[in-house]
Amino acid sequence: MRGVVRHYAGPPLVHALGPIDLELARGAFFAVVGPSGCGKSTLMDVLCGLAKPTSGSVRFEGKELHGEVPDGIGVVFQEDSSLAWLSVRQNIAFGLRLSWLPKREVQDRVEHAIGFMGLSQFAGHYPAQLSGGMRQRVCIARTLVLRPRLILLDEPFGALDQQTRLLMGDELLRLWRETGATVLLITHALDEAAMLSDRVGVMSARPGRFIDVVETGWPRDRDSRVVSDPHFGELTARLWSSLRPESMKTLGRVA
Amino acid sequence: MAGTTPLPARRRRRFDGVALLLVCLVLWQAVASWTNGIAVSPPLVALAYLADLMGQGSFWGHVGATFAAFLMAFVLSAVLGLLLGLVLGVWRFAGEVWEPILAGFYTIPKVTLYPVVLLIAGLGMSAKVAFGVMHGMVPITLLTLASIRNLSPTLLRTARVLRLPPSRIIAWILVPSCLPDITAGLRIGFSLSLLGVLIGEMFSSQRGLGFLLVSGMAQHNVPLTTAIVLLIVVLAIAANTLMLRYLKF
């Protein structure tokens, strides 16, 4: 089985995106960087089926999406989406509330996700008692219990401080290796994209299109220490040189 | 939460409550002495009168009438208010249109509309209930509406990503996240529909606590009015305390 995502989007009233052509091989780690307002989040909505493309089509595992999220895709949002009235454990189990899995299996998956995301000590806490990074882990764990084959993350670490982000990046890599899922990470942080992914797509200013796709060439078994590799600097520099004129355009449009 | 409060804190809170009660009684006594009992009767006189009232069968008829009207008014306010708030909250356009209209209606002193209500609903029970609903429903509607509108879009997107059907979105996301605001609305609606019913009784009824209050005023029966006010105040505070304790999130 090969997970294929393909998509072209034409103009709605605001031409937010495209035309874009993207194919993800199963098990790949793909990052998308782009200037602010370039349609990164629109891209994600279209990819996971929350929004329909104006024209063109999106296919997941060979089946076309029709404005709804198919089984096998997990999404983590930029904003905190933990449920304030549920404990950490209940929040994570919430992802499986609708499933027909046997109770035992649900429990196993939830406990595994709690352990995997390092939340064991906080399983009985409520989101209000946790830091932003912890809450984002809860949301990732809630996606994880669904055992998604494609995980879409929309700037999941955007609200976190730099150190927490590096460590969360390591955990994301570990998650990717151990689950074998395909990961698509949308981010505005060049270093995050350069450090984590196999390939990085650079988007243009609106309407967002891919203007460059960079292969990072990292081994599968990597972590945030690749930042000390000289290649990391080259990669980040190349991303920035592609992105700089686009970011300038965005700023010029605002000013 | 009350059960987990440590004992000294609980004892302290009880002390605070008793102290407040004593201050109120002293103030009450002071006002009564200052006005020579013309405006209010002193606490002991009022309590004795109230005890005497409670021995009479007709008094319980009045209490029952008020209670029945209030219960009907509150249930109607809550059901209509929650439904209307839900519809206007979910259907954004209708909400934008109706919110200022409802808020505007609510600033009208509703007593001025009472003659109209009376002529439409007739004397007695239905007018009291209608008046109670006029007071109680709007705040419940507005608070429910605002709370649904402020629902985080991220939570709704999460629900769609988890492929929850609409009924589950309402039960698992909408209701729990709006519950604190909705209970606040119900508490306000509770006291306002009681207010509406009592005002209704004061103007046009032959039964109920509001009627007793007005007839006490008309006959200058100060112990009667004081006793009725005391009863209403105690009941309202007790109901509010219960709601605060059991509906707090």
Side-chain angles (χ1 to χ4, degrees), chain A residues 41-42 44-52 60 65-87 90-100 126-128 135-136 138-146 148 150-156 158-159, chain B residues 1-6 9 78 82 85-86 89-93 96 140 143-187 243-249:
Chain A
S41 295
T42 312
M44 191 187 83
D45 279 8
V46 172
L47 279 177
C48 68
L50 278 176
K52 277 188 208 171
F60 175 64
L65 307 190
H66 291 287
E68 55 183 45
V69 185
D71 186 33
I73 294 189
V75 183
V76 178
F77 296 107
Q78 177 180 7
E79 305 87 2
D80 171 27
S81 64
S82 57
L83 307 170
W85 57 92
L86 298 179
S87 70
Q90 290 167 323
N91 254 289
I92 296 172
F94 191 84
L96 289 172
R97 260 210 208 171
L98 208 60
S99 75
W100 297 104
Y126 284 85
R135 269 183 255 175
Q136 200 56 284
V138 173
C139 297
I140 296 176
R142 187 175 62 202
T143 304
L144 212 55
V145 293
L146 296 164
L150 172 62
I151 305 176
L152 302 172
L153 302 108
D154 184 8
E155 303 199 12
Chain B
M1 288 301 257
T4 59
T5 316
L82 287 175
L86 178 70
V90 171
W91 185 14
R92 201 159 267 268
F93 176 71
E96 305 244 322
I140 297 178
L143 276 162
T144 309
L145 184 160
S147 132
I148 291 177
R149 196 185 281 165
N150 291 337
L151 191 67
S152 143
T154 311
L155 291 190
L156 288 179
R157 279 153 62 91
T158 304
R160 286 186 57 200
V161 167
L162 293 174
R163 289 175 297 145
L164 300 181
S167 61
R168 300 294 163 85
I169 295 181
I170 291 179
W172 290 351
I173 303 243
L174 192 114
V175 170
S177 67
C178 296
L179 213 50
D181 287 340
I182 289 178
T183 44
L186 287 177
R187 271 183 48 224
M243 279 193 287
L244 266 183
R245 174 160 303 175
Y246 293 106
L247 297 178
K248 204 165 151 191
F249 293 93

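So that the names make sense, note that chain A is the first sequence line, chain B the second, and so on, each numbered from 1.
With a 4.5 angstrom heavy-atom cutoff, A:Leu146 touches chain B only via side-chain atoms.
Of the options A:Val76, A:Leu152, A:Val75, a side-chain contact (heavy atoms from CB on, under 4.5 Å) to B:Val161 is made by A:Val75 and by none of the others.
The side-chain heavy atoms of A:Phe77 and B:Leu155, taken from C-beta on, include no pair separated by under 4.5 Å.
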Donor-acceptor pairs, chain B vs chain A, cutoff 3.5 Å:
| from | atom 1 | to | atom 2 | distance (Å) |
| --- | --- | --- | --- | --- |
| B:Thr154 | OG1 | A:Glu79 | OE1 | 3.3 |
| B:Arg157 | NH1 | A:Asp45 | OD1 | 3.2 |
| B:Arg157 | NH1 | A:Asp45 | OD2 | 3.0 |
| B:Arg157 | NH2 | A:Asp45 | OD1 | 3.2 |
| B:Arg160 | NH1 | A:Leu50 | O | 3.4 |
| B:Arg160 | NH2 | A:Leu50 | O | 2.8 |
| B:Arg163 | NE | A:Val69 | O | 3.4 |
| B:Arg163 | NH2 | A:Asp71 | OD1 | 3.2 |

